[in-house]
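Accompanying notes for the structure given below.
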Amino acid sequence: MTLANTSSSTPLVVIEDKQYERYDRPYSKDLTLCIIHDRENRKMLLGMKQRGLGQGKWNGFGGKLEPGETVLQAAVREVQEECGLTVREEELVKVAHLTFAFTSSPTLLHTHVLLLPTYSPTLHGLPKPSPEMVPKWFREDEIPYGEMWTGDRYWWPRVLGGEKLRGRFLFEDDQVGIRESEIRVVTEEEELY
Ligand SMILES: Nc1[nH]c(=O)nc2c1ncn2[C@H]1C[C@H](O)[C@@H](COP(=O)(O)OP(=O)(O)OP(=O)(O)O)O1
(Lines give C-alpha, C1' and ligand atoms only; values in the text may rest on other atoms or scores of the structure.)
Protein backbone atom coordinates (compact mmCIF):
# COMPACT_ATOMS: atom_id res chain seq x y z
CA MET A 1 0.00 0.00 0.00
CA THR A 2 1.14 3.56 -0.65
CA LEU A 3 -0.04 6.95 0.44
CA ALA A 4 -1.51 9.10 -2.28
CA ASN A 5 0.24 12.33 -3.09
CA THR A 6 -2.19 14.86 -1.66
CA SER A 7 -1.96 18.16 0.09
CA SER A 8 -4.67 17.21 2.61
CA SER A 9 -3.73 16.26 6.13
CA THR A 10 -5.86 13.09 5.90
CA PRO A 11 -3.75 10.40 4.26
CA LEU A 12 -5.47 8.48 1.51
CA VAL A 13 -4.48 4.85 1.49
CA VAL A 14 -4.21 3.52 -2.02
CA ILE A 15 -4.49 -0.22 -2.52
CA GLU A 16 -2.57 -1.51 -5.46
CA ASP A 17 -4.34 -4.79 -6.10
CA LYS A 18 -6.51 -3.24 -8.85
CA GLN A 19 -9.74 -4.85 -7.77
CA TYR A 20 -12.20 -2.02 -7.83
CA GLU A 21 -15.40 -3.70 -6.84
CA ARG A 22 -14.18 -6.28 -4.46
CA TYR A 23 -16.23 -5.16 -1.48
CA ASP A 24 -18.58 -8.11 -1.40
CA ARG A 25 -21.96 -6.97 -0.22
CA PRO A 26 -25.31 -8.79 -0.50
CA TYR A 27 -27.07 -5.67 -1.81
CA SER A 28 -26.17 -2.93 -4.25
CA LYS A 29 -27.78 0.30 -5.36
CA ASP A 30 -27.17 2.55 -8.35
CA LEU A 31 -27.04 6.27 -7.78
CA THR A 32 -26.28 9.34 -9.83
CA LEU A 33 -24.26 12.35 -8.79
CA CYS A 34 -24.27 15.37 -11.07
CA ILE A 35 -21.65 18.11 -10.90
CA ILE A 36 -22.88 21.43 -12.29
CA HIS A 37 -19.99 23.51 -13.60
CA ASP A 38 -20.14 27.04 -14.97
CA ARG A 39 -16.78 26.79 -16.68
CA GLU A 40 -16.82 30.28 -18.15
CA ASN A 41 -17.31 31.93 -14.76
CA ARG A 42 -15.22 29.31 -12.89
CA LYS A 43 -18.08 28.45 -10.52
CA MET A 44 -19.63 25.22 -9.21
CA LEU A 45 -23.17 24.70 -7.98
CA LEU A 46 -23.35 22.65 -4.78
CA GLY A 47 -26.33 21.76 -2.63
CA MET A 48 -26.51 21.59 1.17
CA LYS A 49 -28.25 18.28 1.90
CA GLN A 50 -31.24 18.81 4.16
CA ARG A 51 -32.09 15.22 5.11
CA GLY A 52 -31.01 11.57 4.96
CA LEU A 53 -27.51 10.21 4.56
CA GLY A 54 -25.08 13.06 3.98
CA GLN A 55 -27.31 15.64 5.72
CA GLY A 56 -25.34 18.81 6.53
CA LYS A 57 -22.80 18.21 3.75
CA TRP A 58 -22.33 20.08 0.46
CA ASN A 59 -22.65 17.79 -2.53
CA GLY A 60 -23.57 17.56 -6.19
CA PHE A 61 -27.14 16.60 -7.10
CA GLY A 62 -28.38 13.06 -7.48
CA GLY A 63 -29.88 10.00 -5.89
CA LYS A 64 -31.12 6.49 -6.46
CA LEU A 65 -32.27 5.22 -9.85
CA GLU A 66 -35.97 4.43 -10.01
CA PRO A 67 -37.03 1.06 -11.47
CA GLY A 68 -36.57 1.00 -15.27
CA GLU A 69 -34.64 4.29 -15.38
CA THR A 70 -31.29 4.71 -17.12
CA VAL A 71 -28.45 6.53 -15.38
CA LEU A 72 -28.94 9.59 -17.63
CA GLN A 73 -32.71 9.70 -17.11
CA ALA A 74 -32.21 9.50 -13.35
CA ALA A 75 -29.57 12.24 -13.43
CA VAL A 76 -31.83 14.62 -15.37
CA ARG A 77 -34.75 13.93 -12.99
CA GLU A 78 -32.69 14.32 -9.81
CA VAL A 79 -31.14 17.61 -10.93
CA GLN A 80 -34.60 18.97 -11.71
CA GLU A 81 -36.08 17.75 -8.41
CA GLU A 82 -33.21 18.84 -6.19
CA CYS A 83 -32.24 22.25 -7.59
CA GLY A 84 -34.79 23.10 -10.30
CA LEU A 85 -32.36 23.14 -13.25
CA THR A 86 -33.40 21.62 -16.58
CA VAL A 87 -30.53 19.69 -18.14
CA ARG A 88 -30.59 17.40 -21.18
CA GLU A 89 -29.13 13.89 -21.27
CA GLU A 90 -26.84 14.76 -24.23
CA GLU A 91 -25.16 17.52 -22.24
CA LEU A 92 -24.04 15.26 -19.42
CA VAL A 93 -20.54 13.77 -19.54
CA LYS A 94 -19.80 10.52 -17.71
CA VAL A 95 -16.76 11.32 -15.59
CA ALA A 96 -16.50 8.69 -12.86
CA HIS A 97 -17.81 5.43 -11.51
CA LEU A 98 -17.26 5.28 -7.77
CA THR A 99 -18.33 2.54 -5.38
CA PHE A 100 -18.99 3.47 -1.78
CA ALA A 101 -19.29 0.96 1.06
CA PHE A 102 -19.58 1.38 4.82
CA THR A 103 -17.94 -1.02 7.26
CA SER A 104 -21.16 -2.46 8.69
CA SER A 105 -23.64 -1.77 5.89
CA PRO A 106 -24.72 -4.64 3.64
CA THR A 107 -25.18 -2.31 0.65
CA LEU A 108 -22.68 -1.30 -1.98
CA LEU A 109 -23.45 2.08 -3.57
CA HIS A 110 -22.52 2.35 -7.25
CA THR A 111 -22.33 6.06 -7.89
CA HIS A 112 -22.37 7.23 -11.50
CA VAL A 113 -20.83 10.69 -11.61
CA LEU A 114 -21.82 13.04 -14.43
CA LEU A 115 -20.64 16.52 -15.29
CA LEU A 116 -22.59 19.38 -16.83
CA PRO A 117 -19.56 21.33 -18.09
CA THR A 118 -21.15 24.55 -19.25
CA TYR A 119 -24.06 25.77 -17.18
CA SER A 120 -26.00 28.67 -18.68
CA PRO A 121 -28.94 30.41 -16.99
CA THR A 122 -30.68 30.81 -20.35
CA LEU A 123 -30.49 27.11 -21.17
CA HIS A 124 -30.85 25.55 -17.74
CA GLY A 125 -32.72 28.08 -15.62
CA LEU A 126 -31.83 29.42 -12.20
CA PRO A 127 -31.22 27.13 -9.22
CA LYS A 128 -33.85 27.06 -6.51
CA PRO A 129 -33.99 25.28 -3.15
CA SER A 130 -35.90 22.02 -2.67
CA PRO A 131 -36.79 20.04 0.47
CA GLU A 132 -33.65 17.94 -0.21
CA MET A 133 -31.04 20.53 -1.19
CA VAL A 134 -30.30 24.22 -0.79
CA PRO A 135 -28.12 25.22 -3.77
CA LYS A 136 -25.28 27.73 -3.69
CA TRP A 137 -22.56 28.77 -6.16
CA PHE A 138 -18.91 28.37 -5.14
CA ARG A 139 -15.83 29.64 -6.90
CA GLU A 140 -13.70 26.79 -8.26
CA ASP A 141 -10.92 27.66 -5.83
CA GLU A 142 -13.31 27.81 -2.85
CA ILE A 143 -14.96 24.39 -2.99
CA PRO A 144 -15.75 23.57 0.68
CA TYR A 145 -14.08 20.15 0.88
CA GLY A 146 -14.06 20.38 4.68
CA GLU A 147 -17.89 20.25 4.62
CA MET A 148 -18.26 17.54 1.97
CA TRP A 149 -17.88 13.74 2.00
CA THR A 150 -14.31 13.05 3.16
CA GLY A 151 -13.24 11.36 -0.06
CA ASP A 152 -14.47 14.08 -2.39
CA ARG A 153 -11.30 16.18 -2.12
CA TYR A 154 -9.38 13.34 -3.79
CA TRP A 155 -11.48 12.88 -6.90
CA TRP A 156 -13.56 16.05 -7.43
CA PRO A 157 -10.58 18.20 -8.56
CA ARG A 158 -9.48 15.47 -10.92
CA VAL A 159 -12.81 15.20 -12.73
CA LEU A 160 -12.93 18.99 -12.99
CA GLY A 161 -9.48 18.75 -14.56
CA GLY A 162 -10.85 16.44 -17.25
CA GLU A 163 -9.85 13.00 -15.96
CA LYS A 164 -12.20 10.01 -16.14
CA LEU A 165 -11.95 7.96 -13.00
CA ARG A 166 -12.91 4.68 -11.44
CA GLY A 167 -12.62 4.32 -7.71
CA ARG A 168 -13.85 2.77 -4.52
CA PHE A 169 -14.11 3.96 -0.96
CA LEU A 170 -14.71 1.93 2.18
CA PHE A 171 -15.95 4.33 4.86
CA GLU A 172 -15.96 3.74 8.58
CA ASP A 173 -19.45 3.62 10.06
CA ASP A 174 -19.04 7.21 11.29
CA GLN A 175 -19.26 8.16 7.56
CA VAL A 176 -16.14 10.29 7.97
CA GLY A 177 -13.13 8.01 8.26
CA ILE A 178 -11.91 6.21 5.17
CA ARG A 179 -10.70 2.69 5.90
CA GLU A 180 -9.39 2.15 2.41
CA SER A 181 -9.77 3.62 -1.01
CA GLU A 182 -8.46 3.52 -4.51
CA ILE A 183 -8.80 5.78 -7.52
CA ARG A 184 -7.47 5.25 -11.00
CA VAL A 185 -7.80 6.82 -14.42
CA VAL A 186 -9.99 4.91 -16.86
CA THR A 187 -8.22 3.89 -20.05
CA GLU A 188 -9.54 5.07 -23.40
CA GLU A 189 -10.79 1.61 -24.41
CA GLU A 190 -12.61 1.09 -21.14
CA GLU A 191 -16.36 1.63 -20.79
CA LEU A 192 -16.91 3.82 -17.72
CA TYR A 193 -20.45 2.50 -17.12
N1 LIG B 1 -20.13 13.11 -3.12
C2 LIG B 1 -20.22 11.95 -2.47
N3 LIG B 1 -19.12 11.41 -1.90
C4 LIG B 1 -19.15 10.24 -1.24
O5 LIG B 1 -18.12 9.83 -0.74
N6 LIG B 1 -20.29 9.52 -1.11
C7 LIG B 1 -21.38 9.99 -1.66
C8 LIG B 1 -21.41 11.22 -2.35
N9 LIG B 1 -22.69 11.44 -2.79
C10 LIG B 1 -23.40 10.39 -2.39
N11 LIG B 1 -22.62 9.50 -1.70
C12 LIG B 1 -23.04 8.21 -1.19
C13 LIG B 1 -23.10 8.21 0.23
C14 LIG B 1 -24.56 8.23 0.53
O15 LIG B 1 -24.78 7.29 1.53
C16 LIG B 1 -25.26 7.75 -0.64
C17 LIG B 1 -26.58 8.44 -0.85
O18 LIG B 1 -26.45 9.41 -1.81
P19 LIG B 1 -27.58 10.46 -2.12
O20 LIG B 1 -27.58 11.45 -1.04
O21 LIG B 1 -27.38 10.95 -3.49
O22 LIG B 1 -28.86 9.56 -2.16
P23 LIG B 1 -30.27 9.66 -1.47
O24 LIG B 1 -30.32 8.51 -0.53
O25 LIG B 1 -30.53 11.03 -0.94
O26 LIG B 1 -31.13 9.37 -2.75
P27 LIG B 1 -32.58 9.91 -3.16
O28 LIG B 1 -33.41 9.80 -1.91
O29 LIG B 1 -32.95 8.99 -4.27
O30 LIG B 1 -32.37 11.34 -3.62
O31 LIG B 1 -24.33 7.89 -1.69
Side-chain angles (χ1 to χ4, degrees), residues 4 6 8 10-14 20-21 23 25 27-37 44-85 87 92 94-116 127 129-136 138 143-160 163 165-184 193:
T6 164
S8 162
T10 313
L12 175 67
V13 178
V14 176
Y20 298 95
E21 290 169 20
Y23 303 137
R25 291 287 191 275
Y27 306 105
S28 74
K29 263 184 208 162
D30 285 288
L31 298 123
T32 60
L33 179 62
C34 191
I35 298 179
I36 312 276
H37 194 191
M44 314 284 322
L45 187 68
L46 297 175
M48 172 52 75
K49 186 123 190 259
Q50 302 296 301
R51 60 187 186 199
L53 217 45
Q55 183 177 4
K57 291 181 170 70
W58 293 105
N59 206 346
F61 303 92
K64 296 180 270 302
L65 267 67
E66 288 182 354
E69 250 184 348
T70 64
V71 166
L72 288 170
Q73 287 167 345
V76 168
R77 176 184 53 74
E78 288 281 354
V79 167
Q80 179 83 62
E81 285 174 8
E82 292 190 350
C83 67
L85 299 187
V87 298
L92 299 176
K94 296 176 181 180
V95 289
H97 179 184
L98 305 173
T99 51
F100 299 117
F102 296 88
T103 319
S104 313
S105 162
T107 308
L108 188 63
L109 301 155
H110 286 276
T111 304
H112 305 275
V113 186
L114 300 129
L115 176 70
L116 177 76
S130 67
E132 180 125 359
M133 285 289 207
V134 176
K136 185 180 165 189
F138 288 87
I143 299 176
Y145 291 114
E147 298 168 69
M148 294 165 71
W149 281 91
T150 327
D152 289 12
R153 70 192 70 194
Y154 301 111
W155 57 265
W156 198 290
R158 295 180 63 175
V159 299
L160 288 181
E163 287 185 289
L165 304 174
R166 191 174 273 270
R168 58 189 174 93
F169 289 84
L170 176 59
F171 285 99
E172 302 291 352
D173 288 329
D174 64 4
Q175 298 169 19
V176 176
I178 297 175
R179 185 170 290 197
E180 57 177 43
S181 68
E182 178 170 29
I183 303 174
R184 73 169 169 90
Y193 49 81

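Side-chain atoms are counted along with the backbone in the values below, which use heavy atoms only and exclude waters and symmetry mates. Counting convention: from 1, in listed order, for ligands and their atoms alike.
Residue pairs meeting the salt bridge (Lys or Arg N to Asp or Glu O under 4.0 Å) criterion with at least one member in residues 66-80, sequence neighbours excluded, are E66-R77, E69-R77, R77-E81.
Only the side chain of E78 comes within 4.0 Å of ligand 1, counting heavy atoms alone; its backbone N, CA, C and O stay farther away. Using a 4.0 Å cut-off between heavy atoms, T150 makes no contact with ligand 1 at all.
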Please report, to 0.1 Å, the donor-acceptor pairs under 3.5 Å made by any side chain of residues 51-59, with sequence neighbours excluded.
| unit_1 | atom_1 | unit_2 | atom_2 | d |
| --- | --- | --- | --- | --- |
| R51 | NH2 | E132 | OE1 | 3.3 |
| Q55 | NE2 | Q50 | O | 3.0 |

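When only interatomic distances are considered, the shortest N/O to N/O separation between K49 and ligand 1 falls below 3.5 Å. Considering backbone and side-chain N/O atoms, T111 never comes within less than 3.5 Å of an N/O atom of ligand 1. The shortest N/O to N/O separation between K64 and ligand 1 falls below 3.5 Å.
Atoms of ligand 1 found under 4.0 Å from any heavy atom of E82, numbered from 1 in the order shown, are 30 (O). The contact set between ligand 1 and G62, taken as ligand atoms under 4.0 Å from a residue heavy atom, comprises 21 (O), 30 (O). Residue-ligand proximity, L53 to ligand 1, at heavy-atom distances under 4.0 Å covers atoms 14 (C), 15 (O), 20 (O). Those atoms of ligand 1 with a heavy atom of N59 less than 4.0 angstrom away are 1 (N), 2 (C), 8 (C), 9 (N), 10 (C). For ligand 1 and L33, the ligand atoms under 4.0 Å from any heavy atom of the residue are 1 (N). Within ligand 1, the atoms closer than 4.0 Å to a non-hydrogen atom of E132 are 25 (O), 30 (O), numbered from 1 in the order shown. Which parts of ligand 1 touch F171 is read off a 4.0 Å heavy-atom cut-off, strictly below it: atoms 5 (O).
At the shortest separation from atom 17 (C) of ligand 1 among protein heavy atoms lies L31 CD2, 3.9 Å. The protein non-hydrogen atom at the shortest distance from atom 3 (N) of ligand 1 is D152 OD1, 2.7 Å. Nearest protein neighbour of atom 16 (C) of ligand 1, counting heavy atoms only, is L109 CD1, 3.9 Å. Looking only at heavy atoms of the protein, atom 14 (C) of ligand 1 is closest to W149 CZ2, 3.7 Å. Scanning the protein heavy atoms around atom 12 (C) of ligand 1, the nearest turns out to be F100 CD1, 3.8 Å.
With S181 contributing its side chain and F169 its backbone, the two residues share no donor-acceptor pair below 3.5 Å. Within the 3.5 Å criterion, the main-chain N or O of D30 finds no donor-acceptor partner in the side chain of T111. Judged by distance alone, with hydrogens and angles left aside, the side-chain atoms of E82 form a donor-acceptor pair with the main-chain N or O of G62 at under 3.5 Å.
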Exercise. Taking it one step at a time, do W149 and F171 satisfy ring-ring contact (aromatic ring centres under 6.0 Å, His included)?
Worked result: CA-CA 10 Å; W149 281 91; F171 285 99; 5.4 Å; yes
For this session: Check the pair L65 / L31 against side-chain contact (heavy atoms from CB on, under 4.5 Å), numbers first and verdict last.
Result: CA-CA 6 Å; L65 267 67; L31 298 123; 5.7 Å; no
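Atoms OG1 and CD, on T103 and E180 in that order, are 9.5 Å from each other to the nearest 0.5 Å.
Ring-plane geometry between H97 and H110 is classed as tilted, the angle between the planes lying from 30 to 60 degrees on a 0 to 90 degree scale.
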